[in-house]
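If you're wondering where the values come from, they're calculated on a predicted model, not measured in any experiment.
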Amino acid sequence: MLEEIYEKSLNNKITPDDALDLVINANPFELFDTANKLREEIVGNKVTYVVNKAIDITDQCMIGCKFCSFRNHENYVMTNDEIYDSINDAKLNGATEICLFGGITKDMDIDYYCDLIKNIKNKFDICLHALSPAEIYQVSLNSNITTYESLTRLKNAGMDTMTGASAEILVDAIRQQICPNKLSTSDWVSIIKQAHKIGIPTTSTIMYGSIESWEDRIEHLFILKQIQEQTNGFTEFVPMTFLGENNELGKQSNGATGIEDLKMHAISRIIFGRTIPNIQVSWVKLGLRMTQVALDCGANDIGGTMFEDKISTAAGGGFGGFLSVEKIEQLIKDIGRQPQQRNTKYEYI
C-alpha cells in the first residue's frame, strides 16, 4: 500500500481519501518511513535554516482569538526607534531576515506600515518577511482601500515576502469557534493569491491540535496545494502545533499528541510531494528532540534562529526564544544530515 502511495505522491495523484486513510489506518512508522523516503527523493539530505529575528511590534490586538496567549499580555507598542535598534542587533548577529508582525489594531493603517517599511529598507540591507493576511485585511479596512492596493503599496515600500500566518484551520466552521473575528477562509485565500500575483512570495501554515478533526486538517492541506498549483508562490509549509497555556482554547483541548505531530509532518510531505517541496519544523513549538524526529518524518527545514518569539513563549513554548547557528547545525549533524543556511526564498547562502 505505501509503495503505491510513494508513487502517487511523486506523480501528484494523492487524494483526500488517500490521506485520511493513511493517518487513520496506516502503521504510523511505515507512514513516517514513506514520508522520509519522499523527502530524500524530492529535496535530498540537506536540512536548511535561516538566521532571523522575530519582531512583534505590539501585543495590543482587537481580534480576540481564543488560542492566543500573547494578546495584551504586556500591553506594549514598540516605537520606530526600538524597532530599528532591534533590527540593528539582529544584523550584528548575522541575521538575513526580519519577521515583522504583531497584534492588529484600528490605528495601524497603510501609511503607518509603508512608512515603517521604507525607513527599515533605507537603513538596513535585510529581507523583510512581514505581516499576514489578517493584518492586510484589517489594514485595508482601516485605510478604506482594497487588499490588492494594500499589497501593492507594501511591495513598493519594500516588503519582500509575507507570512502565511492567520491561516489556523481553513475551515470556516472551525474558524467560527476558535477565531470568530478573524478573516474568513475565502478572504485568506484571496489575499494570498493576490500577494503571489504581484510577486510577493509567502509561507503557508496550519495550526493543528485544538478542536479540529483530521478531515479538517486534510481539507486545509488540499486548499494550500490547490493555491500552489495555481500560483507557485509558497516558499514552504509550516505545521504549527497548538499550544494551550494561558489561553481560552487550552481549556477545551490538550493539544496534539507526539504521534499526531509526526503524522502532520509526514502527511504534509505525502500530500504536497514536489508541489510544496519545503516542509519546516517549528522547533520553538515542538522542542529540539521532537524536531530531530520530525526531520526524519518528511521535513527538511528547521526554520530560523528566532532571536525572539514572544508569541510561542507566551503560549507555553518552553524551548527558548533563540537557537544559535552552532546548535542548529549540531542538531542536524547529529541525525546524519547536512546543514545548509538559506535566505527567506530558499536560496543557499
Side-chain angles (χ1 to χ4, degrees), residues 50-65 68-140 142-143 150-151 153-166 200 203 243 246-247 282 284-285 303-325 343-344:
V50 63
V51 182
N52 64 355
K53 183 174 188 176
I55 298 179
D56 300 294
I57 298 172
T58 179
D59 68 348
Q60 295 179 7
C61 189
M62 58 187 280
I63 303 299
C65 299
C68 183
S69 307
F70 177 67
R71 181 180 70 254
N72 302 330
H73 183 66
E74 299 177 11
N75 202 34
Y76 76 90
V77 180
M78 294 179 72
T79 67
N80 284 8
D81 284 340
E82 287 173 335
I83 293 170
Y84 305 149
D85 288 344
S86 185
I87 295 173
N88 187 61
D89 179 66
K91 284 281 291 181
L92 292 174
N93 284 280
T96 64
E97 171 189 288
I98 294 295
C99 303
L100 188 72
F101 38 67
I104 296 172
T105 74
K106 289 185 177 180
D107 299 326
M108 293 177 169
D109 61 11
I110 192 65
D111 291 331
Y112 167 79
Y113 281 113
C114 285
D115 289 344
L116 175 61
I117 288 170
K118 283 178 185 176
N119 288 336
I120 290 171
K121 297 299 281 190
N122 285 336
K123 292 175 181 291
F124 304 100
D125 178 19
I126 199 157
C127 178
L128 269 184
H129 183 56
L131 310 185
S132 71
E135 286 160 291
I136 299 301
Y137 183 83
Q138 188 61 45
V139 162
S140 303
N142 292 349
S143 309
S150 288
L151 287 164
R153 290 181 60 178
L154 289 163
K155 184 176 190 292
N156 291 338
M159 189 173 86
D160 297 292
T161 60
M162 187 174 77
T163 79
S166 69
I200 302 174
T203 57
L243 300 175
N246 306 316
N247 61 60
S282 175
V284 177
K285 296 183 183 298
T305 52
M306 294 298 283
F307 291 123
E308 260 181 291
D309 186 353
K310 294 179 181 178
I311 294 174
S312 293
T313 302
F319 305 107
F322 169 67
L323 195 63
S324 70
V325 168
N343 63 18
T344 311

Report task. Please say which of D115, I110, L116 ends up in a side-chain contact (heavy atoms from CB on, under 4.5 Å) with Y112. Result -> L116

Query raised in the report: When you measure from the side chain of D109 to the backbone N and O of S143, does any donor-acceptor pair fall under 3.5 Å?
Result: no

**Report entry** K53 to A90 - nearest heavy-atom pair and separation
**Finding:** CD-CB, 3.6 Å

Query raised in the report: What is the minimum heavy-atom distance between I126 and A95, and which atoms define it?
Result: CD1-O, 3.6 Å

Requested in this report: Could you grab the distance from atom NE2 of H129 to atom OG1 of T96, nearest 0.5 Å is fine?
Outcome: 11.5 Å

Requested in this report: For V77 and D107, run side-chain contact (heavy atoms from CB on, under 4.5 Å): C-alpha distance rounded to whole Å, both residues' side-chain angles, the deciding distance at 0.1 Å, then the answer.
Outcome: CA-CA 11 Å; V77 180; D107 299 326; over 6 Å; no

Query raised in the report: So, for T203 and G164, which heavy atoms are closest and what is the spacing to 0.1 Å?
Result: OG1-N, 2.7 Å

Query - Non-hydrogen atoms of S166 and S132 that approach each other most closely - result: OG-OG, 3.8 Å

Report task. Using side-chain contact (heavy atoms from CB on, under 4.5 Å) as the criterion, point out the one residue from L128, L154, L151 that pairs with M162. Result -> L151

Query raised in the report: Side chains of K123 and I87: closer than 4.5 Å at any heavy-atom pair?
Result: no

**Report entry** Interatomic distance, E82 atom CD to I57 atom CD1 [nearest 0.5 angstrom]
**Finding:** 11.5 Å

Report task. May I ask you to decide if T305's main-chain N or O and N52's side chain share a donor-acceptor pair within less than 3.5 Å? Result -> yes

Query raised in the report: Where do L243 and N247 come nearest, in terms of heavy atoms and distance?
Result: O-ND2, 3.0 Å

Query raised in the report: What do the steps show when you test D125 against K91 for salt bridge (Lys or Arg N to Asp or Glu O under 4.0 Å), and what is the final call?
Result: CA-CA 9 Å; D125 178 19; K91 284 281 291 181; 5.1 Å; no

**Report entry** Heavy-atom donor-acceptor pair, N122 side chain to K118 backbone, under 3.5 Å
**Finding:** yes

Requested in this report: Measure from the side-chain N and O atoms of T105 to the backbone N and O of C61, and report whether any donor-acceptor pair falls under 3.5 Å.
Outcome: no

Report task. Using the side-chain contact (heavy atoms from CB on, under 4.5 Å) rule, take E97 and T161 through it: C-alpha gap first, then chi angles, then the decisive distance, then the call. Result -> CA-CA 10 Å; E97 171 189 288; T161 60; 5.8 Å; no

Query raised in the report: Which pair of heavy atoms, one from I117 and one from A157, lies closest together, and at what distance?
Result: CG2-O, 3.5 Å

Report summary line: To the nearest 0.5 Å, atom CE of M108 lies from atom CD of Q138 at 11.5 Å

Query raised in the report: By salt bridge (Lys or Arg N to Asp or Glu O under 4.0 Å), which residues pair with K121, not counting sequence neighbours?
Result: D160

Query - Residues forming a side chain to side chain contact (heavy atoms under 4.5 Å, CB included) with N343, sequence neighbours excluded - result: K345, E347, I349

Query raised in the report: Does the S140 side chain pair with the main chain of I136, one donor and one acceptor, at a distance under 3.5 Å?
Result: yes

Report task. Ignoring hydrogens and angles, state whether a donor on the side chain of D56 or Y76 is under 3.5 Å from an acceptor on the partner side chain. Result -> no

Query - CA sep, side-chain torsions, deciding dist, call: M159, L131, side-chain contact (heavy atoms from CB on, under 4.5 Å) - result: CA-CA 9 Å; M159 189 173 86; L131 310 185; 4.2 Å; yes

**Report entry** Separation between CG of N142 and NZ of K106, rounded to the nearest 0.5 Å
**Finding:** 8.5 Å

Requested in this report: With the side chain counted from C-beta on, respond yes when L100 and Y113 share a heavy-atom pair under 4.5 Å apart, and no when they do not.
Outcome: no

Query raised in the report: CG/N88 to CG/D81 distance, rounded to the nearest 0.5 angstrom?
Result: 11.5 Å

